[in-house]
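Here the structure is a predicted model, which is why all the values come from computation and not from measurement.
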Amino acid sequence: MDISVIVPLYNEAESLPELTQWIERVMTRNGFSYEIIFVNDGSTDNSWEVIKQLREENPAVKGVAFRRNYGKSPALNTGFIRATGDVVITMDADLQDSPDEIPELYRMIVEDGYDLVSGWKQKRYDPLSKTIPTKLFNATARRVSGIHNLHDFNCGLKAYRNKVVKHIEVYGDMHRYIPYLAKNAGFTKIGEKVVHHQARKYGKTKFGLDRFVNGYLDLATLWFTGKFGAKPMHFFGFLGSLMFILGFIAVIAVGALKLYNMYHGYHYILVTDSPYFYIALTMMLLGTQLFLAGFIGELIVRNSPRRNSYEIEEEI
């Protein structure tokens, strides 16, 4: 099969028939064999009934229905597991992503050799309250991930080589960082395509400003797990040792200063009356705790069933 189109959705019953017909026209015109996998993320409208009706009309339509709303990342991951096409396309169900972009995205994967191609909605039909935070978010994501050629990490319209989606796990709200997840899995040929962004035709957006706060927290998590997830002692152990040594040196300095003043007959105070003594002691305690946190992290990693799970490109 040439293409799997994965469409996560939540309360998008009105747009589904139009989206399906649009995808079908594009696939037929270009001679692609395809499947459309709708993942109904606990919709409270009649989205699932619409999907079942579309399935009767078009055997290429497939559907998965969650019992409740889990979020976009679980929906995408569920679709990735079921995708069988050589190229996997993800797009939103609200008709803001154009299926007319699919042939060029497919070509970039198959002919240009990209592992992943992310859409860039260069001209957006969103309010400033959404576009300005989005620009700041993407600038931070580029800096942290090292993927400097992407302008829009969170664009729902993306194309993947099939093996990419089979080697990454999207959970929580990590759909914003799929290019970063792919890079951490060893898929480094990541490209970008300017795509047409259409104004929402039905309903209203399901995302609020809280997603930007959560996005930065998820980015910090992904950076840390990608850099130190398999070797926590390198982070906690180093930081803990550094704090303990500095605290220990500070304690010696406080004690040495008292002895020096005593020996020369200068005024001196008790070690326990010095605020620096307690600051140094606190640093030693924190350093010890950080070191132990790293040690416990190492024990957890060593007992993890995935401690020796590595991405293998080829085997003969």
Problem - Within-4.5 Å side-chain heavy-atom neighbours: Ile6 and Val88 - result: yes
Handout entry: Short side-chain donor-acceptor distance under 3.5 Å, Thr84 and Glu35
Key = yes
Problem - Pair Lys121 + Asp152: basic N to acidic O under 4.0 Å - result: no
Practice task
State, with a plain yes or no, whether a side-chain heavy atom of Pro179 is found less than 4.5 Å away from one of Phe153.
Solution key: yes
Exercise for the section: Over all heavy atoms of both residues, which pair between Val87 and Ile109 is shortest? Give the atoms and the distance, please. Expected result: CG2-CG2, 3.7 Å
Practice task
Answer yes or no: is there a side-chain heavy-atom contact under 4.5 Å between Leu150 and Asn138?
Solution key: no
Handout entry: Pairs involving residues 67-110, ordered by first then second residue, that meet ring pair (Phe, Tyr, Trp, His ring centres under 6.0 Å) (sequence neighbours left out)
Key = Phe32-Tyr106, Phe66-Tyr70, Phe80-Tyr160
Fill in the blank from the handout: Between the CD1 atom in Ile36 and the CD1 atom in Ile23, the distance rounded to the nearest 0.5 Å is 4.0 Å
Exercise for the section: Start with the C-alpha distance between Asp115 and Lys163, add both sets of side-chain angles, then the distance that settles salt bridge (Lys or Arg N to Asp or Glu O under 4.0 Å), and finish with yes or no. Expected result: CA-CA 9 Å; Asp115 296 317; Lys163 65 180 180 179; 5.4 Å; no
Practice task
Answer yes or no: is there an ion pair linking Asp100 with Arg25, defined by an N-O contact shorter than 4.0 Å?
Solution key: no
Handout entry: Pair Ile190-Tyr114, side-chain contact (heavy atoms from CB on, under 4.5 Å): steps then yes or no
Key = CA-CA 6 Å; Ile190 299 172; Tyr114 285 104; 5.9 Å; no
Exercise for the section: Taking only Lys NZ, Arg NE, NH1 and NH2, and the carboxylate oxygens of Asp or Glu, determine whether Lys193 and Glu101 approach each other closer than 4.0 Å. Expected result: yes
Practice task
For the residue pair Asp94 and Ser15, confirm or rule out a side-chain donor-acceptor distance under 3.5 Å.
Solution key: no
Fill in the blank from the handout: In terms of heavy-atom contacts, Gly71 and Asp41 come closest through N-OD2, 2.8 Å
Problem - Verdict with supporting geometry, Leu290 and Phe244, side-chain contact (heavy atoms from CB on, under 4.5 Å) - result: CA-CA 9 Å; Leu290 286 171; Phe244 183 89; over 6 Å; no
Problem - Sub-4.5 Å side-chain heavy-atom contact between Ile51 and Asn40 - result: yes
Exercise for the section: Answer yes if the side chains of Asn162 and Asp86 hold a donor-acceptor pair under 3.5 Å, and no otherwise. Expected result: no
Problem - Check against side-chain contact (heavy atoms from CB on, under 4.5 Å), Asp97 and Val195 - result: CA-CA 8 Å; Asp97 296 331; Val195 297; 5.8 Å; no
Practice task
Give a yes or no on whether a salt bridge exists between Lys189 and Asp112, defined as a side-chain N under 4.0 angstrom from a carboxylate O.
Solution key: no
Handout entry: Enclosure of Tyr34 OH (heavy-atom neighbours >12, cutoff 6.0 Å)
Key = yes
Problem - Check against side-chain contact (heavy atoms from CB on, under 4.5 Å), Trp120 and Cys155 - result: CA-CA 7 Å; Trp120 175 23; Cys155 179; over 6 Å; no
Problem - Atom pair OG (Ser73) and CG (Leu181), whose distance is rounded to the nearest 0.5 Å - result: 8.5 Å
Completion exercise
CZ of Arg161 to NZ of Lys166, rounded to nearest 0.5 Å, is 15.0 Å
Practice task
Report whether Leu76 and Ile81 are members of the same hydrophobic cluster (ILVMFWY, side-chain heavy atoms less than 4.5 Å apart, transitive linking).
Solution key: no
